[in-house]
Each structure stands twice: as C-alpha cells, then as structure tokens.
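In what follows, a structure is listed as structure tokens, so that the remarks can point back to it.
Since we're looking at a predicted model, the values are computed, not measured.
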Amino acid sequence: MLELFLKSLPAFGKGILITLEITIFALIFATVIGLVVGLINIGKNKIFKAIAKIYIDLVRGTPLIVQAFFLYFGMTGALKFQIRPEVAGIIVISLNAGAYMAEIFRGGIQSIDVGQMEAARSLGLPYSKAMIKVILPQAFKNMIPSILNQFIISLKDTSILTVIGVAELTQSGQVIIGRTYKSFEIWTMVGILYFILIYLLSTVFRKIEVKLNV
Amino acid sequence: MISVKGLIKKYGNNTVLKGIDFLVEENQVVSLIGPSGSGKSTLLRCLNGLEEATEGHIFVNSSDITDVKLNINHFRENVGMVFQSFNLFPHLSVIDNITLAPISLKKMNKSDAEELALQLLEQVGLKEKAYVYPNSLSGGQKQRVAIARALAMKPQIMLFDEPTSALDPEMVGEVLQVMKNLAVKHGMTMIVVTHEMGFAREVCDKVVFMADGRIVEEGKPQDIFDNPQNERTKEFLSKIL
Amino acid sequence: MKKLSIILAFLLIFVACSSKKETSEKKVYKIGTDVIFAPFEFEKDGKYVGIDIEILDAIAKAEGFEYTLSPMNFNGLIPAISSDQLDGAIAGMTITDERKEVLDFSEGYYESGISAVVSAKNDKINSADDFKGKTFAVKKGTTGSLYAEDKQKELGSQIRYFDDSPSMFQEVANGNADITFEDYPVIAYKLSLEKEPTLKIVGDKLSTAHFGFAVKKGQNQELLEKFNSGLKKIKESGEYDKILNNYK
C-alpha cells in the first residue's frame with residue numbers, strides 16, 4: 001500500500017495543485033462577485049436587482065455539473081471559442097460560489113444594526129464610505145464562518161470538473177485506477193488527501209477568525 | 001437658523017407628522033417633549049434627512065433639505081446627531097471613532113484630527129479613554145464619546161434623540177452635564193428630544209410640547225412647566241411631574 | 001423515537017433485499033456495458049442496442065442464461081467487476097496483459113485497433129510524425145489513454161482525460177485538443193453516420209487488438225465458458241455475421 005502511495009504521489013501532487021489553484025482563484029472572483037451582487041440586492045436599483053435575481057436563481061437552480069458541461073462543451077462549441085478546461089473550471093466555480101457569497105454578504109451586511117449606518121451617515125459620510133469603513137468591516141467578521149463554509153464547498157466542487165477534463169485530484173485518482181485497478185486503496189488515499197486539505201484550510205480560517213476578534 | 005414649514009410625514013397610510021411649523025434661532029437650545037408616538041423623534045430625524053419629509057419644507061441656514069438637488073452628505077457635516085443607543089463603532093477605538101469622519105472626508109489630516117479628538121475627549125471628561133474600545137465603556141461614557149464624535153465635525157447644530165433614555169440613572173447626570181456645558185459655554189444650537197424635564201427647565205430657551213403628530217404648545221420653560229395653557233399639555237405634565 | 005426505528009427498519013430491509021444473492025433460484029447475471037460506444041452499445045428509442053448487446057443477447061439465448069444490463073462510464077466497469085458489483089462486462093473492452101491481471105477474458109469476439117482522430121478542419125496533422133507536442137484527448141481507462149500515456153514523454157504532449165466518448169470527441173471537434181485515440185470501428189461508424197463530419201482519421205491503425213467479454217479473475221468461470229460456447233454457436237449458425245451486418 002505504501003509503495004502504491006509513493007508511486008502515485010507525483011500524480012496526486014499535480015492534482016492537488018490544480019485543485020487548490022482553481023479553488024483559490026475561483027474564491028477570489030466569487031468574493032468580488034458576491035460583494036457586488038450582495039450590495040446590489042441591498043440597494044435600490046430595480047433593474048440591477050432583477051438581473052441579480054436571475055443570476056442567483058439560475059446558479060442555485062441548476063446542478064454544478066450541468067453548468068460545467070454547458071460552459072465548456074455547450075457554449076464554446078456554439079460560440080466557437082476555445083478556453084482551457086481549468087479556466088472554464090474557474091469560471092464555473094466562481095459564478096457558482098459567487099451566487100452563494102452574494103447571499104452571505106447580503107445577510108452579513110443586513111445583520112449589522114441599522115444605527116451604525118445612521119450614525120455614519122449623520123457624520124456626513126456618504127453611503128460608500130460608510131459601507132467601507134463602518135459596515136463591511138463589522139459584517140466581514142460575522143461572515144467568516146459562512147465564507148469558510150463556502151470555501152470548503154467549492155474545494156469539494158472542483159472534483160466535478162473532472163468531467164470536463166480538468167486534471168484535479170479526483171481525476172488523478174481515476175487515471176491511476178485506470179492503470180492499476182486498485183480502487184479501494186486509491187480512493188481511500190484521495191479521500192484522506194481531501195480531508196487533510198480541508199482540515200488545513202479550516203485551521204487557517206479559524207486562526208484568522210481569532211485574530212480578527214481580538 | 002432652522003425653519004420648518006408645513007412638515008407632513010407619512011408612512012404609507014399612517015401620518016406621523018400632521019403639519020409642523022417650527023423655528024429655531026442660532027444659539028438656541030430647544031427641547032421637544034411629549035408622549036411616545038407624538039412624533040418628536042420623527043421630527044428630529046427629519047431635520048438631518050434621516051427621515052424624508054412627505055410634504056413641506058425644512059430650511060437650515062437657507063439650505064432646503066427637502067430639495068432633491070441638495071448634497072445631503074455636505075449638509076450633514078454641519079448637523080451633528082447623538083442617538084439614544086449611542087451607535088459607537090465597535091470595531092474602532094474611541095479616538096478612531098472620533099477621527100473617522102474628519103479624516104475620511106478630508107477635513108483634517110491624521111495628527112490634527114487626533115489632537116482635536118483628544119481636546120474633545122477632555123471636554124467630555126474622557127481623555128484617559130482615548131485608546132480603549134467602546135465595549136469596555138459604561139453607557140454614560142459611551143454617550144459622552146458619541147457627543148465628542150459628533151462635535152469633531154464642528155457642526156453648527158446638534159440634534160439629540162433621547163440621549164439619556166437608555167442610561168442607568170446614575171449615569172444620566174454626567175451626560176446632561178456635558179450637554180449643559182455645550183449649551184452654556186459653547187453656545188451650541190441644540191435640539192433635544194428628552195424626558196429629562198429638569199434639563200429642559202434649566203438649560204433650554206424654548207420647550208416644545210408635541211402630541212399626536214402636532215405641536216400643541218411651545219414657549220419658555222417656566223411658561224410651559226408652571227403655566228401650561230393647553231389641556232393636553234396639562235394632562236401630560238401632571239402625569240410626569 | 002418510534003418513527004426513527006421504523007424508518008431504520010425499512011432501510012435495513014431495503015439494503016438486505018438489494019444485496020441478496022439468488023442462490024436457490026436461477027442466477028440472473030449482472031453484466032455491465034459502456035453508456036455510449038456506438039456501434040457496440042448505444043441507446044435507441046429507449047432501449048440499448050449495438051453489436052455487443054446483440055451478441056450478448058444471442059449468446060444468452062443459445063446458452064439459456066438470464067442477465068440484466070448495467071450501462072456505466074467505461075472507467076467504472078473494471079472497478080465494479082473487481083468489487084463484485086458486476087458479474088461481467090461486454091463493452092468494446094480490448095484484451096490487454098494489464099487487464100488480464102485482474103480479469104479473465106473470453107475468446108476475442110471482434111478485431112479492433114486504435115486510430116488517431118483529428119478535427120476535420122485540421123490540415124496540420126497528417127501522420128504519426130505530426131503528433132509531437134500536441135494535446136491529446138482520451139477516455140479514462142481505455143487502451144486509447146494507455147497509448148497516449150506511453151507516447152507522452154517522447155512526444156512532449158499534454159493529455160486530457162474524459163469520462164465518455166462524446167466528451168472526448170467534442171473536445172477535438174471544438175479545437176480544445178488536437179488528437180484523440182479511439183477504436184477504429186467506433187470512429188469509422190461515427191463518420192459513416194455524419195453528413196458533415198467534424199472529425200477525420202489520420203494515418204493507419206496504430207495497433208491491432210481484440211475485444212473480449214470480461215469477468216473477475218478466477219470467478220464466474222461458468223459464465224465465461226457459456227460465453228465462449230455461445231460465441232462458437234452463433235458464429236456457426238451465421239447469426240454473428242448477421243449482427244455485424246446490421247451495423248455496417
């Protein structure tokens with residue numbers, strides 16, 4: 001078993017790198033999308049709000065694997081452009097996580113006492129500055145558990161990208177099994193690797209949370 | 001300085017302010033008293049645009065708040081507000097609470113703003129608390145910091161929305177003292193929604209009694225408290241004095 | 001608490017029933033096949049058809065055994081056989097020495113071999129000499145993927161893995177990959193059906209191989225014997241040739 005593990009390690013290593021690369025990029029984009037859409041949903045512009053609602057409903061109403069197929073095989077074929085599967089993967093997971101982050105942001109911002117915004121505005125601060133300096137810093141602290149949760153969900157979601165040819169951790173397991181037929185051993189290893197990744201991530205986030213609360 | 005004409009405020013079908021005409025001169029200290037639901041807080045909040053008037057006009061130094069073209073943020077730099085629940089920013093230290101607006105709005109650089117903040121904290125008697133966080137302060141201390149924070153923008157007018165209603169009785173005095181100093185020593189124009197009749201009598205130039213969305217009676221403190229004319233005024237005062 | 005126990009009881013009964021092996025009654029074999037691998041197995045009008053399907057059916061009738069068909073992604077078949085979820089599989093599976101380590105194969109029932117396939121619009125790749133540095137799209141667990149892996153170092157190529165043939169072909173047709181390696185009869189059949197083919201074959205067959213029916217090594221030997229015996233029968237009766245002709 002150890003021999004199998006050591007032999008598979010390079011392939012696993014590459015898979016882990018791709019998994020992390022996609023997760024991190026996607027989450028950065030998702031945070032931006034989430035913040036923008038979350039703020040739109042709190043604001044007053046009806047047209048933007050309608051567009052945001054369609055986006056969130058579509059993402060939440062369709063399975064991620066279908067979204068991946070649609071973007072990578074459907075759209076690229078129909079619109080005749082090429083992108084690397086990893087790029088398609090980042091886009092799909094960004095849009096997916098972004099929709100959920102939007103709700104996290106909206107909830108986080110709305111959980112801040114309305115008196116905070118009133119006090120900030122009464123001092124003459126415009127809405128944007130009040131948001132940036134007073135509301136968001138407080139909201140962010142409250143949102144960290146939910147953001148960590150989404151990070152973990154998105155990291156696990158990357159495993160679906162194997163169907164569009166992304167060489168992430170799950171696919172590296174499949175390819176090794178294709179050659180060695182050792183399903184039980186390999187899947188156990190892959191499971192453990194995911195577990196370790198997520199455990200490390202959670203620990204980092206928890207440390208961030210503690211630091212922010214002090 | 002402040003001139004309110006025919007102010008009406010509705011929430012849907014509910015009319016909270018039914019036509020208010022109201023004047024405040026420079027350096028005047030005015031208290032708004034009345035039963036809960038009378039609209040006194042609503043009136044106060046209309047004066048800095050936290051509530052939008054449904055009908056009528058509000059002039060502050062020739063700026064009409066009800067005009068859509070008015071830059072409300074600029075306007076608010078000149079009108080400070082102190083809230084019943086303090087609304088200090090918990091993630092910032094006391095001194096940062098005070099310097100946030102002056103620095104962000106580019107009124108001052110950091111060192112000048114901090115110098116001003118320390119002066120104001122001295123004025124409200126809390127200089128030693130400059131670097132702690134709001135959650136370590138008592139209610140009375142928080143409210144005094146809130147007053148300093150509002151004063152940092154050097155407003156011409158200060159609005160107080162039941163500033164002592166959320167305080168334990170022992171702490172009411174320290175806040176009222178700060179407000180009295182502000183009125184007497186600094187000649188600030190102040191409008192105070194309050195239940196503290198002692199303060200109203202002692203410090204205010206004018207007392208305005210409101211009930212059911214209207215101004216029922218107004219006048220000098222001794223006239224209102226000692227010689228109320230209106231039945232409704234008499235009824236209210238008999239219950240609380 | 002009572003509701004929970006009732007639900008648990010139902011779950012246990014359900015699991016027990018689905019894993020019960022039929023010992024006293026006649027055995028119904030669970031036989032796996034690929035989800036889509038025309039002309040060997042594919043779905044038409046809600047039913048599975050194809051060369052593999054018809055051969056299996058004819059043999060089962062000739063030998064008198066019953067079976068159920070379990071279509072799944074190709075790379076899931078061997079793990080399923082190894083973990084006793086399937087008794088056997090017929091799925092355009094090439095007989096290889098590596099596979100013989102975990103499977104027992106029947107006599108070869110179809111001759112095949114791998115071909116290189118590129119986009120119909122690609123005029124830069126015309127022979128095996130042009131494979132260098134290109135991106136390969138392959139299907140997980142197939143001899144096509146093995147071929148690509150063997151050649152990867154020397155050609156300096158990138159390999160992308162997919163779960164099924166349509167995804168793999170789409171990748172090349174879309175231009176995201178340059179070449180795929182597929183069993184010759186499959187790509188030939190696909191091209192024969194298309195009025196405006198999006199793909200084309202490059203060069204000669206890269207290998208020769210045979211398809212076999214697979215069971216777990218050392219097990220289900222009687223099923224394997226029945227397959228071989230049945231195969232002989234349908235070849236002698238001419239039914240084998242008839243089946244192949246259906247898909248020309």
Between C/R160 and A/G165, what is the shortest heavy-atom contact and its length?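 For C/R160 and A/G165, the tightest heavy-atom pair comes out as CD-O, 3.9 Å.
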Looking only at heavy atoms, what is the nearest atom pair of A/V163 and C/D163, with distance?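 A/V163 and C/D163 have their closest heavy atoms at CG1-OD2, 3.2 Å.
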For atom [atom1] of [X], decide whether the heavy atoms of other residues, nucleotides or ligands shown that lie under 6.0 angstrom number more than 12.
| X | atom1 | value |
| --- | --- | --- |
| A/K53 | NZ | no |
| A/F140 | CZ | no |
| A/K49 | NZ | yes |
| A/F48 | CZ | no |
| C/Y184 | OH | no |
| A/L200 | CG | yes |
| C/E107 | CD | no |
| A/K156 | NZ | no |

Measuring heavy-atom distances to chain A, does [X] have an atom under 4.5 Å in its side chain, in its backbone, in both, or in neither?
| X | result |
| --- | --- |
| C/I159 | neither |
| C/N176 | both |
| C/E171 | both |

N/O donor-acceptor pair under 3.5 Å between A/Q174 side chain and C/K140 backbone: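 No; zero donor-acceptor contacts below 3.5 Å.
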Roughly how far, to the nearest 0.5 Å, is OG of A/S183 from CD1 of C/I81?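 C/I81 CD1 to A/S183 OG: 11.0 Å, rounded to 0.5 Å.
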Taking atom CD of C/Q170 and atom CD1 of A/I164, what is their separation to the nearest 0.5 Å?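 C/Q170 atom CD to A/I164 atom CD1 measures 12.5 Å (nearest 0.5 Å).
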Contact leader toward chain A among C/S82, C/S145, C/S167, where contacts are heavy-atom pairs under 4.5 Å: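 Of C/S82, C/S145, C/S167, C/S167 has the most heavy-atom pairs under 4.5 Å with chain A.
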Report, in residue-number order, which members of residues 62-75 of chain A are under 4.5 Å from chain C by heavy-atom distance.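 Against chain C, the residues of residues 62-75 of chain A that fall inside the cut-off (heavy atoms, under 4.5 Å) are A/F69, A/Y72, A/F73.
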